[in-house]
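We use all heavy atoms of the structure for the numbers below, so side chains are in, but hydrogens, waters and symmetry mates are not. Letters A, B, ... are given to chains in the order of the sequence lines, protein chains preceding strands, and every chain is numbered from 1. Note that the structure is a prediction, hence the values are computed from the model and not measured.
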Number of protein chains: 2
Amino acid sequence: MQNRPAEMEKRKLTLKDIATSLGISISTVSRALKEHPDIAQETIDRVKEYAQEHHYVPNYLAVNFRKSRTFNIGLIVPELVHHFFANVISGAIAVANKHGYNVMVSQSNDRLADEVMVSRAMLNSSVDGLLISISNETIEGLHIQEFMDAGKPVIQFDKITDLLDTPKVIVDDFDGAYQAVKHLIHRGYKKIAHVKGRDLVKNASERCQGYVKALENHGMESSPDWIKGCTDISEQEGFDFAKELMESNNPPDAFFCITDLVALGVIRYLKQAGYQIPKNVGVMGFSNWHLAEVVSPSLSSVDQHGYEMGKMATEIILEMIQKHSLDNHETYELKTKLVIRESTGSVQSNLVTQG
Amino acid sequence: MQNRPAEMEKRKLTLKDIATSLGISISTVSRALKEHPDIAQETIDRVKEYAQEHHYVPNYLAVNFRKSRTFNIGLIVPELVHHFFANVISGAIAVANKHGYNVMVSQSNDRLADEVMVSRAMLNSSVDGLLISISNETIEGLHIQEFMDAGKPVIQFDKITDLLDTPKVIVDDFDGAYQAVKHLIHRGYKKIAHVKGRDLVKNASERCQGYVKALENHGMESSPDWIKGCTDISEQEGFDFAKELMESNNPPDAFFCITDLVALGVIRYLKQAGYQIPKNVGVMGFSNWHLAEVVSPSLSSVDQHGYEMGKMATEIILEMIQKHSLDNHETYELKTKLVIRESTGSVQSNLVTQG
DNA sequence: CTGTTAGCGCCTTCAT
DNA sequence: ATGAAGGCGCTAACAG
């Protein structure tokens, strides 16, 4: 490796340089490089060879300016350090890269102010479109509307609002919960409790409704006392609610939890109190975090296909970008997948594994 | 919200528009907008007011083209869906956004071919600099050298190679391991085993050396038989090695594991085999994944400050970008933090918690 | 204080 | 089959 001074950055070759070197015009060079049919094969070869040898690489800042597009897509999530969103991002990047796009990632920390800030920064730095899962605080989303006003497609995913007329990619939380509870019923559990999330959060209330519906449809015993609402959706809350319920007059024999984390708390209590899982009590989580697979007993859960969601949202937005059309108002609903592990009675740890 | 047709994207206002509307020249408008001292206050006010009213927003594609910079920084990690890297990204984005930069994220999937592809895409789409944690397969890194050849700073972090002369931000794995093992010794464990990673991976061998050194310095019994090398660094390997060691003639009374995941496998075996943790056997992980806090017994571990690392790397690169200088060849070493939990004998779950 | 001019690198009519 | 010329929107000398 030659040792040139760090500062000495050689000026990049331009079309003009090639043109003068070869004694032809800039436009011929430009056309030759993209194998325009008008150009003589000989010229094409000469130009391409020269470009190759001298490592010509187009100035994309100029290209993009000229065409006013960036080949970037923006992606905003509430929380980056989160298994589900990390998966979404991963899927989005995979598709975007495959099509020659880069992904600019930001997070809102579930705060509206931050979301406005980062979205503004993206609109300015010019992305060609935006994928967003809105913050808990976002209501109207005028800052998001700005993208569409500028002709840039927006896709909402996971956490969405109907106040913004964009395509939406969501997970069928209701059905996921329904299937999960149905599974518990089939396993023979008779008294199924639910540790739910906050009612104002759509995903949470959907799951709760799925739970209720599944009990109803199977003629199962149910009771409002068996539904406990988390506030911060923590491991500790799972522990506390499990304790409260198991010590009550009418203790459940299974728990369907809003989240794997909460389920872990439930398990911690049950083990400590001497219950056998899944023999005495079954436990079902939701989200299928990485940890569900490695804790013991391993945790049955509902996989939300974050990676798939990221892929799908990106495919949709790329199509809109290419068609230069904002005319898509569909809602795409992804089915969840039940992942059955030890905590609901499978013999082996990996009866079903996620895809 | 007014209901305009989705396609009708109004052409954005330009400096020229403002100039003709106000009957002054483009450059005056340009200068007025940035409050150039030469311009009369009155003119400034007129221009600014007009701009405000008509929602002028500069065309950043043009600005960036003109100044040939993008206000983007690239970030490539081996694996996005990984607690540590997610934290790094999060920290990087926080700092970048604060300084008006966006972050373009990609992953190499620990494959050289992918890394070359995504780095090329970033160089093309023009980022102003690159943060990278190289893939396992990367040796020379000529594709990364290209950034520096183009005058763009590169910072390596976590997984690095000395073949590339860039600033580096790493974690002091040796010291982290040393402190962890020292802690086990102080807790009274006498026979400490190590489930290590692959020797070719620098971080892994550093940790192993820290382990060896700590035993040495404290005159502890040691044995090559107590060191087991993982290949895929899985939970199952932890389980298997724990079984193998505990069933041997000279079983250890503590495990220092290359990773929290491996530690979980160790714990699973120990519990199943009837050992008490931490009473009979202590277990120490490494990386302080989220799960370390929520499993039971909660797992003592070594925090690598991913968030801090992302922040630091970004601060360094921003400074280089601003100074327009590649003249930085330092290695910044972050200290780890020992997080003591139940698995090594603390009474409460959270004697020390991470920052 | 303000306007004129030139140009960043590329693409694209239009002409030859 | 090739060239000349204009312009994307903005900035920054250089002139007045």
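- At whole-Å resolution of the value, CD1 in B:Ile24 and C1' in C:dC1 are 12 Å apart.
- The aromatic rings of B:Tyr50 and B:His54 lie parallel to each other, with less than 30° between the two planes, well short of the 60° mark.
- One finds no side-chain N or O of A:Ser25 lying less than 4.0 angstrom from the OP1 or OP2 phosphate oxygen of D:dT2.
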Would B:Thr70 and B:Asp128 satisfy side-chain hydrogen bond (donor to acceptor under 3.5 Å, both in side chains), going step by step from the backbone distance to the final call?
CA-CA 6 Å; B:Thr70 64; B:Asp128 295 339; 2.9 Å; yes
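- Between atom CD1 of residue B:Ile155 and atom CD of residue B:Glu330 there is a gap of 10.5 Å, rounded to the nearest 0.5 Å.
- Considering only side-chain atoms of B:Leu15, the nucleotide from C:dC10, D:dA13, D:dT11 that sits closest is D:dT11.
- The side chain of B:Thr14 approaches D:dC10 more closely than any other nucleotide in the set D:dC10, C:dG3, D:dT2.
- Residue-to-nucleotide proximity on DNA chain D shows that, of B:Asp38 and B:Phe65, the 5′-proximal contact is made by B:Phe65.
- As a whole-Å value, the separation of A:Leu61 CG from C:dC11 P is 13 Å.
- Applying the 4.0 Å criterion to OP1 and OP2 of C:dC10, one finds that A:Tyr56 has a side-chain N or O inside that range.
- The B:Arg66 side chain lies nearest to D:dT11 when the options are C:dT2, D:dT11, C:dC10.
- Relative orientation of the B:Phe65 and A:Phe65 rings is parallel, given thresholds of 30° and 60° on the angle between their planes.
- Atom CD1 in A:Ile39 sits roughly 13 Å away from atom P in C:dT12 (whole-Å rounding).
- Using a 4.0 Å cut-off, no side-chain N or O of A:Lys16 falls inside it from OP1 or OP2 of C:dG7.
- For the side chain to side chain contact (heavy atoms under 4.5 Å, CB included) with B:Thr138, the qualifying choice from B:Glu115, B:Lys159, B:Arg111 is B:Glu115, the only one to do so.
- Between the NE2 atom of A:His36 and the C1' atom of D:dG3 there is a distance of 13 Å, given to the nearest Å.
- Inspection of the A:Ser90 and B:Gln107 side chains reveals an N or O donor paired with an N or O acceptor under 3.5 Å.
- For A:Ile18 and D:dT2, the CD1 to P distance is 16 Å, given to the nearest whole Å.
- Rounded to whole angstrom, the span from the CG atom of A:Asn64 across to the P atom of C:dC8 amounts to 19 Å.
- Here D:dA1 presents its C1' atom at 15 Å from CG of A:Asp45, a figure rounded to the nearest Å.
- Residue B:Thr43 is in sugar-phosphate contact alone, with no base atom involved, counting any heavy-atom pair closer than 4.0 Å across all strands shown.
- For the pair B:Gly23 and A:Pro58, both in contact range of DNA chain C, the more 5′-proximal nearest nucleotide belongs to B:Gly23.
- Remark: A:Lys34 is in phosphate contact with C:dC11, judged by side-chain N or O atoms under 4.0 Å from OP1 or OP2.
- At a threshold of 4.0 angstrom between heavy atoms, the contacts of B:Asn59 are confined to the sugar-phosphate backbone, with no base atom among them.
- Not one side-chain nitrogen or oxygen of A:Ser27 sits closer than 4.0 Å to the OP1 or OP2 atom of D:dT2.
- Using a 4.0 Å heavy-atom cutoff across all strands shown, B:Ile26 reaches at least one base atom of the nucleic acid.
- Between A:Asp17 atom CG and C:dC8 atom P the separation is 10 Å, expressed in whole Å.
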